[in-house]
Amino acid sequence: MENFTPVSASVGGALVGLSAGLLFVLIGRVAGISGILGGVLKPSAGDVAWRLFFLAGLLLGALGYSAATGRPIPIRIDSSLAQIVLAGLLVGVGTALGGGCTSGHGVCGIARLSPRSVAATAIFMTTGFGSVFVIRHLLGG
Amino acid sequence: MAREAAALVAGIVFGLGLAISEMVNPAKVIGFLDLAGAWDPSLAFVMAVAVPVAAVAYRLMRGRAAPLWDGAFHLPARRAIDGRLLAGAAVFGIGWGMAGLCPGPAIAALVSGDGRVVAFVAAMAAGAAVVRWFGGARTPAPGSRRSDR
């Protein structure tokens with residue numbers, strides 16, 4: 001368990017929760033990233049600018065981490081490019097169909113006790129575990 | 001501009017949280033999803049802390065007609081747990097496990113300049129755009145119900 005980092009994960013989680021709280025208290029929006037992006041991909045009038053500002057903030061926050069720590073954001077990717085592209089497609093299609101992702105369903109939806117979000121989160125956690133099991137332990141990738 | 005400022009600040013805080021927690025790190029995410037391997041439960045703490053913090057904010061707004069800087073709450077209008085929700089969530093989870101990236105962290109991770117992250121985000125946006133433009137009439141329009149409580 002050398003990689004176990006409960007403190008930084010909890011601090012990060014608190015910030016994610018705080019962000020979701022801010023967005024709801026101030027402008028009544030759900031901090032679901034796939035939904036925020038979706039409203040940019042298929043825009044409706046007067047409902048785009050705040051989304052772009054939020055997405056720009058995501059990038060600035062990640063840059064701020066690097067600026068504050070003097071280190072690049074921690075990233076290690078072991079998957080092939082083909083696998084990454086296929087995964088991206090599945091994530092895009094799946095979150096658009098399912099109306100949410102880890103943030104929209106997993107954090108905001110569960111915090112609102114939405115039955116839809118509880119169901120969606122149970123499903124994507126299960127297939128996420130299953131996907132890694134198949135790739136790592138059955139296919140040996 | 002108040003709406004945009006609120007969104008920008010919330011986005012920055014969100015991006016910081018993703019970087020500090022290492023949700024942005026595909027290897028870390030796959031370590032969390034790898035129950036049968038050297039399981040790293042760290043990322044469970046992200047959700048375990050984020051949910052109650054967000055819940056406090058949702059609770060604070062109970063009974064209010066509108067948020068502070070907007071005329072109405074914009075909560076998802078859908079209630080049904082249908083095949084579309086379940087199939088979508090299942091497909092999302094498969095992709096999440098394949099790459100170790102989900103939408104928020106993938107976008108934040110663009111700052112790494114890694115070409116594979118760019119490819120992931122491009123593919124994700126393409127997939128989502130196809131569903132939103134051609135995936136049937138049921139676009140997930142955010143309902144402008146004032147409050148459901």
Side-chain angles (χ1 to χ4, degrees), chain A residues 3 5-6 9-10 12-17 19-23 25-29 33-34 41-42 50 53-54 57-58 60-63 65 73-77 84-85 87-99 101-103 107 110-111 119-120 123-124 127-128 131-132 137, chain B residues 3-4 6-8 10-17 19-22 25-27 33-34 40 42 45-46 49-51 53-55 57 67-70 73-74 81 85 88-99 102-104 107-108 111-112 116 120 123-124 127-129 131-132 140:
Chain A
N3 296 322
T5 53
S10 299
L15 291 172
V16 168
S19 166
L22 279 174
L23 204 65
V25 168
L26 294 176
I27 63 172
R29 308 283 174 160
I33 312 303
S34 60
L41 296 172
K42 190 176 182 186
W50 74 270
F53 276 87
F54 184 93
L58 269 186
L60 287 175
L63 286 173
Y65 171 88
I73 59 168
I75 283 190
R76 206 187 84 219
I77 299 175
I84 289 280
V85 169
L89 277 173
L90 294 176
V91 168
V93 168
T95 54
L97 276 178
C101 56
T102 15
S103 50
V107 175
I110 289 186
I123 301 268
F124 71 65
T127 57
S131 175
V132 169
H137 302 287
Chain B
R3 285 203 309 171
E4 286 73 23
L8 180 67
I12 290 171
V13 174
F14 205 107
L16 263 180
I20 290 172
S21 65
E22 278 194 65
N25 188 353
L33 292 175
D34 190 10
D40 172 6
S42 307
F45 287 77
V46 178
V49 176
V51 166
V53 171
L68 302 184
W69 295 348
D70 199 330
F73 292 108
H74 304 265
I81 297 177
L85 175 81
V91 168
F92 161 49
I94 293 169
W96 186 35
M98 278 180 70
C102 54
I107 292 170
V111 304
S112 68
R116 287 167 299 178
F120 180 91
M124 174 178 85
V131 172
R132 284 175 186 273

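Lettering of chains follows the sequences in order, A, B, ..., and the numbering in each one begins at 1.
Contact tally against chain A (heavy-atom pairs below 4.5 Å) for B:G97, B:A57, B:P67: the top residue is B:P67. Annotation: maximal heavy-atom pairing with chain B below 4.5 Å, among A:P74, A:G98, A:P6, occurs at A:P74. Note: A:I77 leads A:V85, A:L60, A:I77 in heavy-atom pairs under 4.5 Å with chain B. For chain B, the option among A:C101, A:A119, A:S103 with the highest count of heavy-atom pairs below 4.5 Å is A:C101. Counting heavy-atom pairs closer than 4.5 Å to chain A, the top-ranked of the candidates B:L85, B:V53, B:D70, B:V13 is B:L85. By number of non-hydrogen pairs under 4.5 angstrom with chain B, the leading residue of A:I123, A:V91, A:T95, A:L63 is A:V91. The choice from B:L33, B:V91, B:I81 that makes the most heavy-atom pairs within less than 4.5 Å of chain A is B:L33. Of the listed residues (A:L23, A:V107, A:V25), the greatest number of heavy-atom pairs within a distance under 4.5 Å of chain B belongs to A:V25. If you tally non-hydrogen atom pairs under 4.5 Å between each of A:V132, A:L41, A:L26 and chain B, the highest count goes to A:L26. Note: B:F14 leads B:F14, B:W96, B:W69 in heavy-atom pairs under 4.5 Å with chain A.
The shortest distance between side-chain heavy atoms of A:F124 and A:T102 falls below 4.5 Å.
For A:I73, the part sitting under 4.5 Å from any heavy atom of chain B is the side chain, from C-beta outward, and nothing else.
Counting all heavy atoms, side chain and backbone alike, A:I27 lies closest to B:A6 at CG2-CB, 3.9 Å. B:G11 approaches A:S19 most closely through the heavy-atom pair N-OG, 4.5 Å. B:P26 and A:R76 make their closest contact through CB-O, 3.5 Å (heavy atoms, listed as atom of the first residue, atom of the second, distance). The two atoms that bring B:F120 and A:A87 nearest to each other are CE1-C, 3.7 Å, heavy atoms only. Across B:A108 and A:L58, no two heavy atoms sit closer than the pair CB-O, 4.1 Å. Nearest heavy atoms, A:L90 versus B:G95: CB-CA, 3.9 Å.
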**OP:** Please test A:F54 against A:I33 for side chain to side chain contact (heavy atoms under 4.5 Å, CB included), starting from the C-alpha separation and ending with a verdict.
**Re:** CA-CA 9 Å; A:F54 184 93; A:I33 312 303; 3.4 Å; yes
